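Remember, predicted model here, so these are calculated numbers, not experimental data. Proteins come first, then strands; the chains are lettered A, B, ... in the order of their sequence lines, and each starts at number 1.
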Amino acid sequence: MAEEVFSQRTTTCGSLTKADNGAKVVLNGWVHRDRNHGALHFINLRDRYGITQVVVDDDASKELQAVANELHMEYCIAVTGVVRLRPDSMVNPEMTTGEVEVKAERIEILSKCAPLPFQIDDGNEPREDLRLKYRYLDLRTQGMQKRMKLRHDFIFACRKYLTSRDFYEIETPTMIKSTPEGARDFLVPSRIYPGKFYALPQSPQLFKQILMVGGMDKYFQIARCYRDEDARGDRQLEFTQLDLEMSFVKRDDVLSLMEDLFGSVFKEVMDYDLPARWRRLSYHDALNTYGCDKPDLRFDLPLSDVNEIAKKSSFATFKDIVSNGGYVKAICAPKSETVDFSRKFITSLEDAAKIYGAQGLAWIKVGENNTFTGGVSKFFAGLEDELASMMDAKEGDMILFVAHQDWKKCCASLSAVRTKLGKDLNLIRKSFEFCWIVDFPLFEYNEEESHWEAAHHMFSMPQAEYLDTLESDPGSVKGDLYDLVLNGYEVASGSIRIHDVELQKRIFRICNFDDETAEERFGFLLNSFRYGAPPHGGIAPGVDRMIMIMAEESSIHEVIAFPKNTAGISPMDDSPSLVDEKQLDDLHLIIKYPESKT
RNA sequence: GAGGGUGUAGCGAAGCUGGUUAUCGCGACGGCCUGUCACGCCGUAGAUCGCGGGUUCGAGUCCCGUCACUCUCGCCA
């Protein structure tokens with residue numbers, strides 16, 4: 001190895017204070033800004049820890065002046081010099097190191113920087129694909145540095161807390177057997193066994209259950225999960241879960257552990273005090289009251305059932321839908337100082353509703369003494385006081401209605417209106433509002449394939465009172481399932497699991513897996529249950545989503561070091577990519593291209 | 001699979017109902033500058049307006065197609 005190839009730092013760029021006055025130091029870092037006054041140079045030197053001002057004085061040697069003149073932004077340099085106090089009038093209170101500067105005696109250029117494809121930290125954020133292509137530059141920005149720290153702090157705090165509660169961190173395989181339900185699997189072809197494939201796990205579900213059978217009692221893992229589905233702002237094809245599982249627990253043990261965990265983590269990481277216990281809503285109540293199973297509780301605006309009064313109105317559309325067993329729901333938009341309930345605004349709300357299946361959005365403006373104007377007001381003649389009182393509507397408010405045959409579509413459409421109102425009317429409080437959604441239905445009917453399937457997954461325990469009616473009335477069965485919702489995002493999902501072979505088989509059968517298929521697919525799980533399986537349950541918070549919300553971002557890309565774009569491509573390393581014929585041969589694969597491609 | 005939005009110099013943007021040489025900020029390059037901290041000042045270069053076709057005397061602008069990115073629906077136990 002070479003001897004000393006560069007002057008190694010004695011401290012970082014965020015640490016010097018006036019207590020260090022007179023100290024000889026070496027700093028390593030990047031040229032953040034370079035202010036050249038001819039004979040006088042100011043260089044803001046940046047590393048992960050902060051920024052320190054380096055000065056090249058007019059008394060500097062010719063050599064030092066020459067090097068200083070050569071510098072450009074993002075050059076990686078080593079500065080040897082002496083810490084000194086800035087003149088009083090030159091102190092920069094904006095910088096933590098603003099009371100001092102380093103008078104350079106020597107500057108070494110460790111690595112030059114090519115002309116930048118975009119500027120770092122100048123406020124003009126480039127398009128995301130460019131940021132992703134040059135992620136190593138993007139990561140140097142203050143925002144990314146801050147979010148990577150938040151991510152580390154969050155994960156470390158989780159590890160620490162769970163360890164204190166007797167959890168073991170255990171890794172499970174990332175090449176496993178493909179299972180037939182849920183999302184599409186990513187497959188890994190086997191070289192040794194032609195035609196056979198591993199799958200990348202969609203979650204460590206079965207393995208963590210088997211860890212419980214193995215007597216590990218309490219387990220967690222920062223687990224990478226893979227699902228081959230289209231991306232969104234809050235999800236991509238590979239993501240990270242804080243996966244955990246516990247033995248000999250009931251639902252409330254898991255819920256209170258999570259409350260304690262995040263209470264501790266939010267305090268430690270953000271100095272934020274969460275309530276000790278969080279609101280619980282049944283799945284049905286969440287849909288009925290907020291229209292969706294992941295309500296944003298940073299603002300209220302509940303939905304109301306107005307079937308009864310709709311029936312009494314003279315509006316044929318509502319009456320028809322109600323008499324055919326459909327639903328009419330309404331929401332009251334509070335009077336706003338900043339937003340005018342114009343035709344244009346109402347249309348924008350209607351557009352939001354239509355995305356989720358609403359045919360239209362009916363509206364009424366409430367005036368003085370419950371006088372109704374506009375929209376469908378004339379059909380509610382004589383019902384003004386009743387409706388206004390039911391909706392708690394006051395002068396200046398607007399009542400909005402969605403009517404639909406299908407309860408879920410009615411809820412979802414009006415929920416979209418609620419969300420838009422929250423944003424547009426500026427009703428969203430700045431806070432972290434957790435809530436539990438519990439009592440999910442265990443099964444949903446798949447119309448296309450004409451059979452029942454698991455609403456979450458097939459390993460969740462039905463609630464005891466439904467054990468006798470699983471087969472006769474699957475649709476009404478509620479499970480010991482729970483979702484954790486934060487600010488309108490689903491951030492965790494879990495359940496108490498089945499640990500009994502016969503019960504598990506009954507669930508498989510209802511989901512259209514005969515015993516033979518179930519044994520073939522899930523035999524290893526069923527087998528483990530034959531050897532003294534403990535009651536167990538768990539949950540898996542999405543790490544990316546949690547940190548995204550904590551960072552007040554709207555895309556998980558902002559909290560993942562190297563994310564894929566929405567098309568599943570990584571612009572930096574250009575994956576996915578073609579491979580050599582030789583590699584395909586080794587894997588016994590022949591590519592069958594779609595017709596449109598070459 | 002479907003819909004919306006965006007695409008103008010290395011980056012971020014402006015460019016109105018079509019009208020001369022496409023504008024601004026940052027950056028790059030050259031020069032000046034002793035207390036800046038988004039330093040300042042003077043100057044220079046840099047754009048087939050995503051791509052293809054059409055309408056028109058004339059297209060960055062209008063129309064059709066296409067590609068890329070992005071948001072959303074479907075999908076995501």
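- Here the separation of B:U8 from B:G52, taken at their P atoms, is 15 Å to the nearest Å.
- In this structure, B:A22 makes no Watson-Crick or G-U wobble pair, since no nucleotide meets both defining distances under 3.5 angstrom.
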Side chains of residues 560-571 of chain A: which donor-acceptor pairs under 3.5 Å do they make with residues two or more places apart or in other chains?
residue	atom	partner	partner atom	Å
A:Lys564	NZ	A:Glu238	OE2	3.1
A:Asn565	OD1	A:Ala567	N	2.9
A:Asn565	OD1	A:Gly568	N	3.2
A:Asn565	OD1	A:Ile569	N	2.9
A:Ser570	OG	A:Asp573	OD1	2.4

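- Within 3.5 Å, a donor on the side chain of A:Arg235 pairs with an acceptor on the base of B:C75, or the reverse.
- A 4.5 Å side-chain heavy-atom check between A:Val55 and A:Val102 finds every atom pair outside the cut-off.
- Nearest to the side-chain atoms of A:Pro126 among the listed nucleotides B:U72, B:C11, B:G35 stands B:C11.
- Paired with A:Gln221 under the rule side-chain hydrogen bond (donor to acceptor under 3.5 Å, both in side chains), one option of A:Asp243, A:Thr172, A:Thr240 passes, and it is A:Thr172.
- Counting only heavy atoms from C-beta on, A:Arg33 has its side chain closest to B:A38 among B:A38, B:U34, B:G12.
- For the pair A:Arg127 CZ and B:G10 C1', the interatomic distance rounds to 15 Å; values are reported in whole Å.
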Just distance, no hydrogens or angles: give the donor-acceptor pairs under 3.5 Å from side chains in residues 89-99 of chain A, sequence neighbours left out.
residue	atom	partner	partner atom	Å
A:Asn92	OD1	A:Glu94	N	2.9
A:Thr97	OG1	A:Ile51	O	2.6

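- Among the atoms of the strands shown, none is found under 4.0 Å from any heavy atom of A:Arg545.
- Counting non-hydrogen atoms under 4.0 angstrom, A:Tyr356 reaches the backbone sugars and phosphates but no base.
- No donor-acceptor contact under 3.5 Å links the side chain of A:Asp351 to the base of B:G4.
- For A:His37 and B:C37, the shortest distance from a side-chain N or O to OP1 or OP2 is not below 4.0 Å.
- Pair assignment for B:A9 gives none, since no Watson-Crick or G-U wobble pairing has each distance under 3.5 Å.
- Residue contacts shown for A:Gly357 are absent, as no nucleic acid heavy atom lies under 4.0 Å away.
- Of the side-chain N and O atoms in A:Arg232, one or more sit less than 4.0 angstrom from OP1 or OP2 of B:C73.
- For B:C37, there is no paired base (Watson-Crick or G-U wobble, both distances below 3.5 Å).
- Comparing A:Val55 and A:His72, the nucleotide of RNA chain B nearest to each residue sits closer to the 5' end for A:His72.
- Within 4.0 Å (heavy atoms only), A:Leu130 reaches sugar-phosphate atoms of the nucleic acid but no base atom.
- Across all strands shown, B:A28 is found opposite B:U44 as a Watson-Crick or G-U wobble partner, with both distances under 3.5 Å.
- Residue A:His41 is classed as having no contact, given no heavy-atom separation below 4.0 Å to the nucleic acid.
- Ion pairing between a basic and an acidic side chain is recognised when a charged N comes within 4.0 Å of a carboxylate O; A:Lys505 and A:Asp514 show no such pairing.
- If you check B:U66 for Watson-Crick or wobble pairing at under 3.5 angstrom, you find it paired to B:G50.
- B:U55 sits 28 Å from B:A68 when the P atoms are compared, rounded to a whole Å.
- Take the nearest nucleotide of RNA chain B for A:Asn44 and for A:Ile569: the residue whose nucleotide is more 5' is A:Asn44.
- Rounded to an integer number of Å, the gap from CG of A:Asn565 to C1' of B:U6 is 15 Å.
- Across all strands shown, B:U56 forms no Watson-Crick or G-U wobble pair with both distances under 3.5 Å.
- In this model, no side-chain donor or acceptor of A:Glu125 finds a partner on the base of B:G12 within 3.5 Å.
- Candidate nucleotides B:G12, B:U70, B:G35 were compared by shortest atom distance to the side chain of A:Asn124, and B:G12 ranks first.
- Side-chain atoms of A:Gln202 come within 3.5 Å of backbone atoms of A:Ala183 as a donor-acceptor pair (strictly under, hydrogens ignored).
- In this structure, A:Glu128 does not pair ionically with A:Lys133, as no charged nitrogen and carboxylate oxygen lie closer than 4.0 Å.
- Both distances falling under 3.5 Å, in either a Watson-Crick or a G-U wobble arrangement, occur for no nucleotide opposite B:G74.
- Minimum atom distance to the side chain of A:Ala567 is reached by B:C69, of the listed B:C69, B:G74, B:G12.
- For the pair A:Gln241 CD and B:C76 C1', the interatomic distance rounds to 12 Å; values are reported in whole Å.
- Regarding A:Arg46, its CZ atom lies at a distance of 15 Å from the P atom of B:A38, rounded to whole Å.
- In this structure, the CZ atom of A:Arg84 is 13 Å from the P atom of B:G35, given to the nearest Å.
- A:Ser203 comes within 4.0 angstrom of a base, heavy atoms only.
- Ion pair A:Arg147/A:Glu558 flagged as a salt bridge, since at least one NZ, NE, NH1 or NH2 atom sits closer than 4.0 Å to an Asp/Glu carboxylate oxygen.
- Between A:Glu553 atom CD and B:U70 atom P there is a gap of 16 Å when expressed in whole angstrom units.
- A salt bridge does not link A:Lys423 with A:Asp296: every distance from a Lys NZ or Arg NE/NH1/NH2 to an Asp or Glu carboxylate oxygen is 4.0 Å or more.
- If you run side-chain contact (heavy atoms from CB on, under 4.5 Å) between A:Ile437 and each of A:Ser493, A:Ser282, A:Pro295, A:Cys292, only A:Pro295 comes through.
- Nearest to the side-chain atoms of A:Phe118 among the listed nucleotides B:C39, B:C11, B:C73 stands B:C11.
- Listed in residue order, the members of residues 89-101 of chain A having a heavy atom less than 4.0 Å from RNA chain B are A:Met90, A:Asn92, A:Met95, A:Glu101.
- Distance from the side chain of A:Met73 is smallest to B:A28 among B:A28, B:U34, B:G1.
- Below the 3.5 angstrom threshold, one finds a donor paired with an acceptor across the side chain of A:Arg86 and the base of B:C37.
- For A:Arg35 and B:U36, the shortest distance from a side-chain N or O to OP1 or OP2 is not below 4.0 Å.
- A:Gly182 comes within 4.0 angstrom of sugar-phosphate atoms only, judged by non-hydrogen atoms across all strands, and of no base.
- When rounded to the nearest whole Å, the span between OH of A:Tyr75 and P of B:A28 equals 10 Å.
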